[in-house]
Amino acid sequence: MKRLFGTLVCLVMWSVCFAGPFGLSMGMSLEEVTGACGGREPVRLENDDRYLIVPEKRHSMFEHYAVRIDDAQGLYYIWAISRDIFTSDYGAEIRSAFSALESSLSKSYGKPTKRIDEVDPASPWDDEQYWMRALSQGARTLAVGWEDNLPNGLSGVYLVVQAEYDSEGFIVLHYEFENHELVESAEDEVL
């Protein structure tokens with residue numbers, strides 16, 4: 001009985017010490033993710049392994065959270081999606097929010113290893129006054145990523161600005177765990 005109790009204490013301590021983003025860790029089962037959501041059941045999307053969740057550990061910038069949980073490998077992907085950010089044609093407000101999040105993430109993961117901040121040279125919206133128009137039309141990209149020396153089983157952390165309209169956009173934070181490759185290669189074998 002003491003051994004069982006000691007094992008349970010060690011597992012709880014391990015999960016607290018090595019918890020990843022939003023209190024979630026690589027390989028968590030659906031039941032463990034439910035626990036990290038305070039018992040709130042994840043809502044399955046479509047007929048695959050994607051779920052909407054409400055983790056107990058949230059960031060004030062983000063409004064929606066989604067995960068991918070494989071039956072064999074467990075949790076392998078997390079998305080956090082910001083609330084809508086209303087902004088000028090120049091995108092000043094969304095760019096400022098992006099910079100603040102990048103700075104905060106850099107404190108945890110170091111300097112980003114990838115950065116894309118460009119507009120398609122063939123786009124008619126290449127002037128700064130059309131920053132949001134180019135973004136909403138898919139002609140502009142603003143993204144950063146971290147892929148080296150990441151903790152907690154992470155293989156990639158990516159921050160991306162997106163927009164559907166000229167006057168508002170949102171920011172998506174992606175966390176990719178090392179086990180995603182096992183899930184993808186298993187899916188390739190099935191196909």
Side-chain angles (χ1 to χ4, degrees), residues 1-84 97 100-110 112-114 143-160 162 170-191:
M1 186 66 153
K2 286 183 181 181
R3 182 178 293 188
L4 177 62
F5 180 73
T7 302
L8 288 174
V9 169
C10 287
L11 286 173
V12 168
M13 294 299 288
W14 181 84
S15 67
V16 170
C17 293
F18 296 101
F22 312 113
L24 303 170
S25 300
M26 179 177 79
M28 290 176 94
S29 67
L30 183 58
E31 293 77 26
E32 291 169 325
V33 170
T34 300
C37 293
R40 288 181 294 266
E41 286 283 328
V43 176
R44 189 175 205 150
L45 298 172
E46 311 257 335
N47 195 17
D48 61 14
D49 63 1
R50 292 178 293 160
Y51 297 86
L52 287 177
I53 64 166
V54 181
E56 285 196 312
K57 295 182 179 181
R58 295 184 292 275
H59 186 283
S60 61
M61 181 69 181
F62 298 105
E63 188 171 56
H64 304 287
Y65 300 83
V67 295
R68 293 194 83 163
I69 304 170
D70 180 68
D71 290 338
Q73 297 299 322
L75 177 68
Y76 67 100
Y77 207 85
I78 302 170
W79 293 274
I81 304 163
S82 78
R83 63 189 179 336
D84 288 335
L101 283 170
E102 178 185 354
S103 177
S104 178
L105 289 164
S106 292
K107 290 176 185 171
S108 297
Y109 304 119
T113 53
K114 292 187 173 193
V144 293
W146 293 262
E147 295 179 334
D148 295 336
N149 304 313
L150 297 172
N152 303 323
L154 290 167
S155 61
V157 178
Y158 307 96
L159 191 63
V160 181
Q162 296 182 325
F170 55 96
I171 299 171
V172 181
L173 176 57
H174 305 259
Y175 289 97
E176 185 177 79
F177 290 99
E178 293 170 354
N179 61 345
H180 84 279
E181 292 178 7
L182 296 170
V183 175
E184 290 169 4
S185 49
E187 289 173 352
D188 289 343
E189 287 177 15
V190 172
L191 299 176

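Since the structure is predicted, the reported quantities are computational estimates derived from the model, not experimental observations.
Put simply, NE2 on H180 and CG on L154 are 11.5 Å apart, with the number rounded to the nearest 0.5 Å. L30 contributes atom CG, which lies 10.5 Å from atom CD1 of I53 (distance to the nearest 0.5 angstrom). To the nearest 0.5 angstrom, L45 atom CG is 4.0 Å from L52 atom CG. Summarising the geometry, atom CD belonging to Q73 is positioned 11.0 Å from atom CD belonging to E181; distances are rounded to the nearest 0.5 Å.
In this structure, the side-chain contact (heavy atoms from CB on, under 4.5 Å) partners of Q162, at least two apart in sequence or on a different chain, are V160, F170, V172. Residues passing the salt bridge (charged side-chain N to carboxylate O under 4.0 Å, His left out) test with D49, sequence neighbours excluded: R68. Scored by the side-chain hydrogen bond (donor to acceptor under 3.5 Å, both in side chains) test, W146 finds no partners at all (sequence neighbours excluded). For F62, the ring-ring contact (aromatic ring centres under 6.0 Å, His included) test picks out H59, with sequence neighbours left out. Applying the side-chain contact (heavy atoms from CB on, under 4.5 Å) test to E32 and every residue at least two apart in sequence or in another chain returns M28, S29. For E102, the side-chain hydrogen bond (donor to acceptor under 3.5 Å, both in side chains) criterion is met by R115, not counting sequence neighbours. Applying the side-chain contact (heavy atoms from CB on, under 4.5 Å) rule to S104 yields no partners; only residues at least two apart in sequence or on another chain are considered.
Within the structure, the salt bridge (charged side-chain N to carboxylate O under 4.0 Å, His left out) test picks out the following pairs touching residues 143-155 (sequence neighbours left out): K114-E147. Residue pairs meeting the ring-ring contact (aromatic ring centres under 6.0 Å, His included) criterion with at least one member in residues 21-56, sequence neighbours excluded, are F22-Y65, F22-Y175. For the side chain to side chain donor-acceptor pair (under 3.5 Å) condition, the pairs that include at least one residue of residues 35-48, sequence neighbours left out, are D48-R50.
The nearest pair of heavy atoms linking S155 to L150 is C-CD1, 3.6 Å. Across S25 and G20, no two heavy atoms sit closer than the pair OG-N, 3.4 Å. Taking every heavy atom of both residues into account, A36 and G23 meet most closely at CB-O, 3.9 Å. When all heavy atoms of P21 and I78 are compared, the closest pair comes out as O-CD1, 4.1 Å.
The shortest distance between side-chain heavy atoms of L101 and L173 does not fall below 4.5 Å.
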Would D70 and L182 count as a side chain to side chain contact (heavy atoms under 4.5 Å, CB included) if you check the C-alpha gap in whole Å, the side-chain angles of each, and the deciding distance to 0.1 Å?
CA-CA 10 Å; D70 180 68; L182 296 170; over 6 Å; no
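Side-chain atoms of S82 do not come within 3.5 Å of backbone N or O of M61 as any donor-acceptor pair. Checking side-chain atoms of N179 against main-chain N and O of L75 turns up a donor-acceptor pair under 3.5 Å.
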